Every structure is written in structure tokens, then in C-alpha cells.
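Have a look at the structure below before the remarks.
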Amino acid sequence: MIPRQAIWITGVGTANPLGNTYSRFAECLLDGHSGVRAIAEFDVAQHPSQIAGQIDAIPCPPDMAPEDFTILQPLEQLVTWCAGSALRDAGWWEDRFELRIGLVLGIGAEWALLWEVDGLPGGNRIRHPELDTTSLVERTRRRLDLSGPVACVSAACASGNHALAQARRWLQLGWVDVCLAGACEMVVRPMSLAGFGNLRALSRRNAEPHAASRPFDRGRDGFVMSEGGAIFLLEPAASARKRSAHVYGEVAGCGASSDAHHMVIPSPDPEPAITAMRQAIADAGIELDEVDYVNAHATSTPVGDAAEARVLNAVFGDAVRTVPVSSTKSMTGHLLTAAAAVEALACLAAMERRAVPPTINLDDPDPECDLCHVPNEARPHRVRVAVSNSFGFGGSNTCLVLKAV
Amino acid sequence: MEPSANVLTAATCCDVLAHGSVRAAPAEIASLRQNLGPVPGHPLPTGFLRHADEQTVVGLAAVLQAIATHGLAGQRFTEWGVLASPRYLGRLTLAAAIDRFKTEGAWGVSPHVIPHRMLHSISGAISQVLKIHGPNLGVGGGPGGLLEVFRMAAGMLHGDRLPGLWVVLTGWDPEPIPGEAQPGEARCIGVALALTAPRAYPRGRRLRLTLADQRRTASGKVRGGATPDVLDLDTLLAALDAIDVRSAGVVWQLEDGGRLELEKAEACNSLAGPHGCGFGGGRVGVGSSGAGAEDSP
């Protein structure tokens, strides 16, 4: 068995539709602010869904020349911003050369996105394999002078939880001194919007962007695509304690399973998702009655939200009536590969600000989703243990348990 | 935190329970798509691979070959996990999709592109076929992906209480160029390895991954770089086959200073200790960072 040392989060970096810093994100989250708006960056006249959660211009990191930053692809800008911000926030930026710093990054379609961004305006990179010589994680490692191992992982919308779980593992194995982990997504692009739209997965409530993402509501009609990311700096508790670091929380438990059912459709059998939740709770060494908040995966699709409600009922039993559950996708939209990472950040905000973020647009709760909702307004509540579910295409189910320190 | 010395970390090992490989020309892929051969337990749903990428087809075929040739047909993989590491998944399909989007607009984008051309698409498909309920995820996706997936596998096998892990590596040789006729020798390659945590009485092959400390060189630059020139599917396949006929292992000195070794498992007589298959918490071989800083076990 590997040593069970506690792993803490001591730095965060983010850019998402609610803000480009943790504090701005936390404020907007607890204010019930929506980051969804009409897409203006490209022509959406032909698209069934014409709205998305979008980030404003990604800030240039303080150590980079703006002209060097501007030439990067948007996804690379986002990763650079989030990872660098997490290192700075943790206080390791100046001393990063002295440490083995790893990076586990969730990215679902690095090359497809690169080829689309280049190809639609007329580029031809997809026909020049000789240009595809380094991966984004490797370029990030070099740019930030990281000296530990790196890996890119994808389990679709569950990627961020896998990244955090593996980073925690690398730390416990002693492979790294500290580790960056998270996920980024810049998917609000013409072909991605078309692909998900043609899958009939997206909300068509185009006239009311702010009201379109409505998890657990009877009027939900699909998810709202979104973009952004969050990257965390994970560190052994002993190290963080020794240097009196600010601590956001502990990555206390992780669980993962697969439906083995369908590439897109959630399994009608809730057992695999139940297993992932039970694994995470057992891994964290907590009892169910210690859970103060559940950040649901709930994307605002008719089938998926009801399926998750059945999972939560099975896991919590009667306690499901008293454990606050919300879906922050109602505000952020669905960040796909980055969803789990940004929702982990929402859990940290709930812990720090002692309030459960709301599910906005929850005006008419679906009786099939009978849970202890937090509709439309944040609820003051002491959150010591937060559970975050994330499920994805390919049948992935993950659950993350975060504890206040 | 005390600064680290320049070191190699202790090795982490995995036993190779089975392996399989497929090299398929485009015409052969079309045939495999129709009929992959026997699938343990249950037939594939009709049309299961109709929209799948070529790399998914050969990856799955390699898994089934490993199962067939190593006598695992009766084994259940329910609690296992699966990691898949494609290389530039979907280049041909996406080139066509971009062209079609330009002419037809949003309605020209197939709804099958997203489910079948993402980094996790292959692992998701394999989890369905083998009824794997452990974790499934895609790793890497481009240059360096092979090292990333072995690193990930080693970590998961030593911490996730998994009985085993399928690691599936795929890619084209040479990489196809959309719109051009593929050269006659073009093949899509799939390699599948069934890995377990190191066993007390191993048989077959064992992989040992030794991580490097890549901190700065004297010039101030971080060591390391791309690894695909050192470790690619062909060299991995050749090594897997060579181990059958010779006892000496194969060592890849990775450009990041670490190394990956493949050897006869019987030759590795220790499950722990600084040169064995410990879980990586300690460090050995204090000296200059990089290959050769530690003597071979």
C-alpha cells in the first residue's frame, strides 16, 4: 500500500465564465450570477444552440511579454494562465526550480481543437503532421520550467477529477514534491457547437441565455456549452504546514468507474455511478452524515439529471432529504473536459465562504429529481466536507471528496 | 520543503500478463470493422464500430488478440481499468469534417465526430466491449504519449486497488496526410498490454519505470524533451517479441533522464528495495541527473 499522507490544495488558478480569478469566481458563484450569453464571436445562425458560457480575454501572466502570449492558441493561453496562477498563488513560483513539480492536465481533444482553430480560417496544419511535434503538456512544462513528470488525461467531463486523483497519487508515491492538476477546455468553437448541437444535447433556449442552463428543473432542455479551466497546486500536508501556506482544502477521496454501456447515453443501471461515489467516500475515510454539500454533475439534460438523482438517493438513502445539492453548471454552463475542475473550485469556495452555491433557474423542480435543492440563492451553511460528482462520455463516472482543513 | 537532490526515483513495476498487436492496412481495417473476430462473453452489438476511428478498431483488435493468444478468454475484466493512448486520433476524419463544415455549415458536422474522436474514445469503447467497470481514460494523445500512459498505469496499479489494467497504444505509421493517397506501406498499429501490479512469482514480462528528476542543468534550463524518438510502437513491439527469445531486457533511456525497462519477469527477483519494484517513495542513485546515474539492477 502507498502511504496515506494528506494532500492539500495550496494554490488555484482559473479563468471561467464567472471570472478569471478565484475570488471573482467565488463572488459570482454565491451571487447566483450566470456566465451564459449569446455567442457573438462567430456566426451561429445555422446552429440549433446559439448560446454558451464564455470567458473574457484570458489575462497575460505577469512574467510573459504580451506579444509572446498573444500568439499562443487560446487553449494554450488558458493553460499557461491557470497553471502559472496556481503556482504563484501557492507561493512556489520563485522557488519552482528547486522542486520536482508535476502536471496532470485534463484535455479532451487537444489536436482536434488545434486543427479546427487553424483549419476553419483557411490553415492547412492538419495536412502537415511534421508540425505536430510537441504536446501542450510538454510545452507547458518547458514554459513554466516544471521539472517533474507530466501527463494529459481525458475522461470527457470527468477529466478534472481523474487529474486530481492521479496528482494526489503521484504525491503519495513520492514521484513529485508538488503537483499541478486540473483541466482546461476551449470548446466554444463552430464545429464543436455543431457537433454537440447535432447530437441534440444542447439547450435551444436561445432567447434567454441566462435561463438556459436549468439543472433539475422540469423545463430543462439540454446543456449549455462553456469554456474555461481550473488548475490546482497540490502539496503534501506536511510541506504546507511547515511553510504556513494558505490551504484551500484537502483532496481527501476519489472514486472512478465505467458504465460499460454506451459512448454517449448514461447507463440505466445506476450501480457504476453509485460505486464511484462509495469508493470516494470510503477513500476519504468519512461517514455519509459528514457530507455537508454535494456539487452534482447535473448538466441540465432530461435523462442525465434524473439518473444522477437516482444515484444520490441510492447512496444517501433518507439523508438525501437533508444534504444540500446544487449544480453550479446552472451558472457556468457545462465546461465539458474542465467541468470537474471548475466544480472542485466551487466546492472550495463553498468551504471558504461558508455557503452552498445555488442552482439558478430552478423554478419548477422535476419530481424525478427529488433532492435537497438550493434553488436560486446561496444558502449560508458550514461546509466541512464537499462531494463533487462528474460523469462523462465514454461511460466514465467519478467522484471527488474535498475536506476543509 | 528541502530542495531535492539530482536523483533517479525508485522504480515502479508492472507485470505484463498478456500482450497483443495488430498492424493493419486501410483495407484490412475495413474488414476488421465488419468482423473483429470472437469477443469473450458476448457478441459485439451490430454496427458497434461503424463510426469508430481506425485507431479504435486496431486497438480493440489488439486487445482481443492478447486475450486469445494468452488464454484469457475465460477471464472477466469487470474490476479492471483501461487506459488508451492514441496518437493524433482522427486526423483523416477531422480533415474531411473541416472541409465539409466549410461547404455545408453546421448541419454538415456528423454527430459521431465528438463521441468517437476524443482522447477518451478508445478507452470508452474498450470498456464497453470487455464490460470493464473500473476507470477508463485516454492518456497522452500526441508525442510523448507512450511514456505518459506507462507512468499513469504504474501510478494507478499501485494505488487504485485494481486487479489489472489494459494499456492500449495506437497510431499510424507513417502518419497519414489527409487528401493524399496513403503510401502502400501505411499501417495503423495497435498494441495492447494487460498489466498487473508486480506479483510475487512472476512469469512473462515485467515493465519497470524509473522516473528522473529533471531539474535544471548547469545552464539553467530544465532537462527533458520529447520522447517519441526513443520509445515508439515499433520499438515497443520488437522488444515485447524479443523478450521471448532472450533473457536480457530492453532498456529505453528516456530523454527526460528516466528510463523504461522491459525484462523477463523471472529475472526480477525482488518486489521491493531500491533497485527492485518498490512503490517509488524513496530515491536512489544520488549523482548527476539523467541516464546512467544508477547502475542496472
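Keep in mind that this is a model prediction, so the values were computed, not measured.
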Closest heavy-atom contact between M263(A) and A125(B)? SD-N, 3.6 Å
Tell me, for P176(B) versus chain A, whether the close heavy atoms (under 4.5 Å) come from the side chain, the backbone, both or neither. backbone
Part of A154(B) lying under 4.5 Å from any heavy atom of chain A: both
Identify which part of P272(A) has an atom lying under 4.5 Å from any heavy atom of chain B, answering side chain, backbone, both or neither. side chain
Give me the ring orientation class for Y88(B) and W115(A): parallel if the planes are under 30° apart, tilted from 30 to 60°, perpendicular past 60°. tilted
Between V264(A) and chain B, with a heavy-atom cut-off of 4.5 Å, which part of the residue counts as in contact: side chain, backbone, both or neither? side chain
With a 4.5 angstrom heavy-atom cut-off, is it the side chain or the backbone of L92(B) that approaches chain A, or both, or neither? neither
Atom pair CE/CD of M118(B) and E110(A) - distance to nearest 0.5 Å: 12.0 Å
To the nearest 0.5 Å, tell me how far T275(A) OG1 sits from E79(B) CD. 8.0 Å
Does any non-hydrogen side-chain atom of R91(B) lie less than 4.5 Å from one of P129(A)? yes
Any ion pair linking R127(A) and D99(B) (charged N to carboxylate O, less than 4.0 Å)? yes
Contact between P135(B) and N397(A) at the side-chain level, heavy atoms closer than 4.5 Å - yes or no? no
With side chains defined as the heavy atoms from C-beta onward, is the minimum distance between W111(A) and L119(B) less than 4.5 Å? no
Is H162(A) close to chain B through its backbone or its side chain, or both, or neither, when contacts mean heavy atoms under 4.5 Å? side chain
Under 4.5 Å heavy-atom distance to chain B, tell me which part of R125(A) shows up: side chain, backbone, both or neither. backbone
Main-chain N/O of H261(A) paired with K131(B) side-chain donor or acceptor, under 3.5 Å: no
May I ask you to name which of G142(B), G179(B), G140(B) has the most heavy-atom pairs under 4.5 Å with chain A? G140(B)
Working to the nearest 0.5 Å, report the span between CD of Q166(A) and CG of L137(B). 7.0 Å
With M191(A) as partner, the option from I114(B), V113(B), I98(B) fulfilling side-chain contact (heavy atoms from CB on, under 4.5 Å) is I98(B)
Check whether L105(A) gets within reach of chain B through its side chain, its backbone, both or neither, counting any heavy atom under 4.5 Å. neither
So for D259(A), is it side chain, backbone, both, or neither that comes closer than 4.5 Å to the heavy atoms of chain B? backbone
Heavy-atom nearest pair, A106(B) first then A194(A), reads O-CB, 3.5 Å
Closest-packed option against chain B by number of heavy-atom pairs under 4.5 Å, given S258(A), A112(A), G394(A): S258(A)
Within this structure, what is the CD-SG distance for the pair E148(B) and C152(A), rounded to the nearest 0.5 Å? 6.5 Å
How far apart are the C-alpha atoms of W170(A) and R151(B), what are their side-chain angles, what is the distance that settles it, and do they pass the side-chain contact (heavy atoms from CB on, under 4.5 Å) test? CA-CA 10 Å; W170(A) 289 8; R151(B) 189 181 284 143; 3.8 Å; yes
Tell me the closest heavy-atom pair linking G155(B) and W175(A), and the distance in Å. N-CH2, 3.5 Å
Main-chain N/O of G395(A) paired to N136(B) side chain as donor or acceptor, under 3.5 Å: no
Between L94(B) and I126(A), does the side-chain contact (heavy atoms from CB on, under 4.5 Å) criterion hold? Intermediate values first, please. CA-CA 8 Å; L94(B) 289 163; I126(A) 197 168; 4.0 Å; yes
Closest approach of A151(A) and M152(B), non-hydrogen atoms and distance? CB-CE, 3.4 Å
Could you tell me which portion of H112(B) (side chain, backbone, both or neither) has an atom closer than 4.5 angstrom to a non-hydrogen atom of chain A? neither
CH2-NE2 distance between W107(B) and H47(A), expressed to the nearest 0.5 angstrom: 9.5 Å
Heavy-atom distances under 4.5 Å only: say whether A197(B) touches chain A with side chain, backbone, both or neither. neither
Could you measure the distance from the NE2 atom of H133(B) to the CD atom of E271(A)? Nearest 0.5 Å is fine. 9.5 Å
Under 4.5 Å heavy-atom distance to chain B, tell me which part of V44(A) shows up: side chain, backbone, both or neither. neither
